[in-house]
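Encoded as structure tokens, the structure appears first; notes follow it.
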4 protein chains.
Amino acid sequence: MEIAIETICDIGYAQASIGQIAKRAGVSKGVITYHFPSKDELMQNIVEDLYLKGASFMSKIATESTASNMLRRYIETNLEFILAHKQHVAAVAEIVMNVRDEEGKLIYHQPADNAIYVPLIEILQWGQEDGSFRPILPTSAQVLAMTIRSAIDLASQQLVANPDFNMKEYAKELIQLFEAATRKSPI
Amino acid sequence: MEIAIETICDIGYAQASIGQIAKRAGVSKGVITYHFPSKDELMQNIVEDLYLKGASFMSKIATESTASNMLRRYIETNLEFILAHKQHVAAVAEIVMNVRDEEGKLIYHQPADNAIYVPLIEILQWGQEDGSFRPILPTSAQVLAMTIRSAIDLASQQLVANPDFNMKEYAKELIQLFEAATRKSPI
Amino acid sequence: MEIAIETICDIGYAQASIGQIAKRAGVSKGVITYHFPSKDELMQNIVEDLYLKGASFMSKIATESTASNMLRRYIETNLEFILAHKQHVAAVAEIVMNVRDEEGKLIYHQPADNAIYVPLIEILQWGQEDGSFRPILPTSAQVLAMTIRSAIDLASQQLVANPDFNMKEYAKELIQLFEAATRKSPI
Amino acid sequence: MEIAIETICDIGYAQASIGQIAKRAGVSKGVITYHFPSKDELMQNIVEDLYLKGASFMSKIATESTASNMLRRYIETNLEFILAHKQHVAAVAEIVMNVRDEEGKLIYHQPADNAIYVPLIEILQWGQEDGSFRPILPTSAQVLAMTIRSAIDLASQQLVANPDFNMKEYAKELIQLFEAATRKSPI
DNA sequence: GATGAATGAGACTTCATTCAT
DNA sequence: TATGAATGAAGTCTCATTCAT
């Protein structure tokens, strides 16, 4: 699976055939289809594996005591996770945007699905209720959450494309940026 | 080409084989390879076509007289463009993230390439020089530009996944968000 | 047809598609299929054209009065003809060795067909009957004829592959060679 | 590979598609591209295989002690080899005259290449130096070598076209012919 | 006469998958 | 467990041919 992840990162999902992965792993093709009923299941395993890793990683976030700290922690933790598993994250991004069912619909990626934004929206809601953030209407919270999330996801792309990408700095800047964006306006 | 764009939008780049495109267009496969030397050239045409459309569209932005207005206009215009050519934009996104050369490197998409962020960075620089934005260090400008751009690109994904996506609202919110993020801090 | 001949010479029969020929001629593909019912008929015309040219050329040979002169004249005339129509001859060689019917049998080239050797065999027979050549049994005459013919055909290949090929010299040498081979032995 | 050779012999290089070969072999097309990366490599293998066979076969020739015997042995051995591997030889002849690169140039067959004539030229040189052959100028030796070679190559064509072709007789006659052609003239 | 669009067959190749060993 | 042979579907591309204009 590690080699599969590397391969997908290097040459993309479409080119990452079982033959290619096997060649890079120095084993026969058969050994892959022996361990995984199908290519799709291999991919599913890679995706689920990352979710498991992610779940434990993300549990830290909830420990913060203020909305502002929690937002900061959300960004930090997500970017740390991406840094810690950069290839895995990039591979899953490839899989998620390419695996489709027979009808052609994406299986994993549901851009219309709001679930991914829910935690962020909750933080924002909490923050504006307790007065630590500026007033944020539900619509604004939604868009803010989308923006934060897309900025985080961008880090993964940058990281694989450019090994010198400075994640620490990016995190610091992103936190500062969204603090400015949620801060109460001047009187 | 229109059918090709539709097909890529519907079932993704990888599944959008010449056979599929031809079937949807109600013509024979040969008719496509007759008009385009190869599939790659068809894709290239689709990409270039969008760039041409985009270039004329974007020229409006430069006409604004303040950095703040220009940033607003940048966001507005980009989102209008995405709305006006939603399928084409989505198809190009698919192409750009999937077409690779023999070595496996992406041909069109260069995440490490900074060129796309330059216009935004210039706006931000201008704005902080003339005092209409808060002080923004070069690093911050870079990250801010990346964030704005990724929020804009997200709109395209949302639009194809969800026909009810309200672009007007999204634009309004995004403008407001980045105004808050660039506004001078309270004293 | 001239362009077709050139094309076949340059890139071989298999690659000489109607499209290639049309492109080199600067006309549309249609113009070829308009003038020739099918590609096969175009090829047939090229072959027949050369036969017509050849027939008039070869008539000179019969005018010689001795077998020895006639053999010399046969070689000379054939090589002159090849030189005069080098591309056409080479193209026909390509066609003759490649055009096959649905069963896969060569249409033009019948290596087992003895017809092509008959004129030479007659010269040799005549020469040994009138005593100007050494005794040559029928089997020997057959092989001698085959050898002469293949040496002549070789000239065409050499000519297209090597523009500096000296045909005059080759003719002189070939004549000398087969004079030595047919000369009466020393007592 | 054996079936490929048979197929090429039967229906020619151009018609000998992987599909045809597979059908005759009673296997699926995939099995061929499984064992050979590409059709070109299959053909290359067939050619190289024959060269290997040929190399060991031809080593016998050098053992002769006189130029005259060596020439005889050269002809004999070559024709024996052709007889022993008639299909393989014929297939390679097809390949050699048809496989071209993208520019249209023959890859294997270089009619302008003199290498193939060198052994024969050396025999002839040797023979005229030690006085067993008539005086043969370099130019004559070249043409003589070409003639011998083309007469030998002709045998392969005859053999596949006509199963009754008598190779033994052909060899005997060819030897006799070229002995006559190299014999010293009468005083 | 000439053109260019269109077709459909067939070629090579890739690939996920199956299976005997 | 692991391998390598084999399969068959699908993909891209080439090409002779047809046909309306």
Once rounded to the nearest 0.5 Å, what's the spacing between atom CG of B:L42 and atom CD1 of B:I21? 5.5 Å

Heavy atoms only: give me the nearest [X]-[Y] pair and the separation to one decimal.
| X | Y | answer |
| --- | --- | --- |
| A:S56 | A:K53 | OG-O, 3.0 Å |
| A:I46 | A:A4 | CD1-CB, 3.9 Å |
| B:G19 | B:K29 | CA-CG, 3.6 Å |
| A:I32 | A:I18 | CD1-O, 3.8 Å |
| B:E94 | A:M97 | OE2-O, 4.2 Å |
| A:D101 | A:I107 | N-CG1, 3.7 Å |

Applying side-chain contact (heavy atoms from CB on, under 4.5 Å) to B:Q157 and A:H109, what does each step give before you reach the verdict? CA-CA 10 Å; B:Q157 288 176 48; A:H109 192 42; 3.4 Å; yes

Under the side-chain contact (heavy atoms from CB on, under 4.5 Å) rule, what do B:E2 and B:Q87 come out as? Steps first, then yes or no, please. CA-CA 9 Å; B:E2 271 171 40; B:Q87 293 212 110; over 6 Å; no

DNA chain F nearest-nucleotide lookup for D:I32 and A:V31: closer to the 5′ end is A:V31

Heavy atoms of chain C, cut-off under 4.0 Å: which first and last nucleotide of DNA chain F, 5' to 3', fall inside that, if you could look? F:dC15 to F:dT18

Within residues 18-30 of chain C, the residues having a heavy atom closer than 4.0 Å to DNA chain E are C:V27, C:S28, C:K29, C:G30

Please list, by residue number, the residues of residues 33-49 of chain A whose heavy atoms come closer than 4.0 Å to an atom of DNA chain E; answer none if no residue qualifies. A:T33, A:S38, A:K39

Quick one: stems for DNA chain E, with Watson-Crick or G-U pairs under 3.5 Å, at least three in a row? E:2-21 with F:2-21

Output, in order, the C-alpha distance, side-chain angles, deciding distance and verdict of side-chain contact (heavy atoms from CB on, under 4.5 Å) for C:D153 and C:S156. CA-CA 6 Å; C:D153 293 339; C:S156 170; 6.0 Å; no

Within residues 30-57 of chain D or reaching into it, pairs that qualify as ring pair (Phe, Tyr, Trp, His ring centres under 6.0 Å) - sequence neighbours excluded: D:F57-D:F81

Using atom types as modelled, flag every donor-acceptor pair under 3.5 Å from a side chain in residues 5-17 of chain C to any protein atom, sequence neighbours excluded.
| from | atom 1 | to | atom 2 | distance (Å) |
| --- | --- | --- | --- | --- |
| C:T7 | OG1 | C:I3 | O | 2.7 |
| C:D10 | OD2 | C:R24 | NH1 | 2.9 |
| C:S17 | OG | C:Q20 | N | 3.2 |

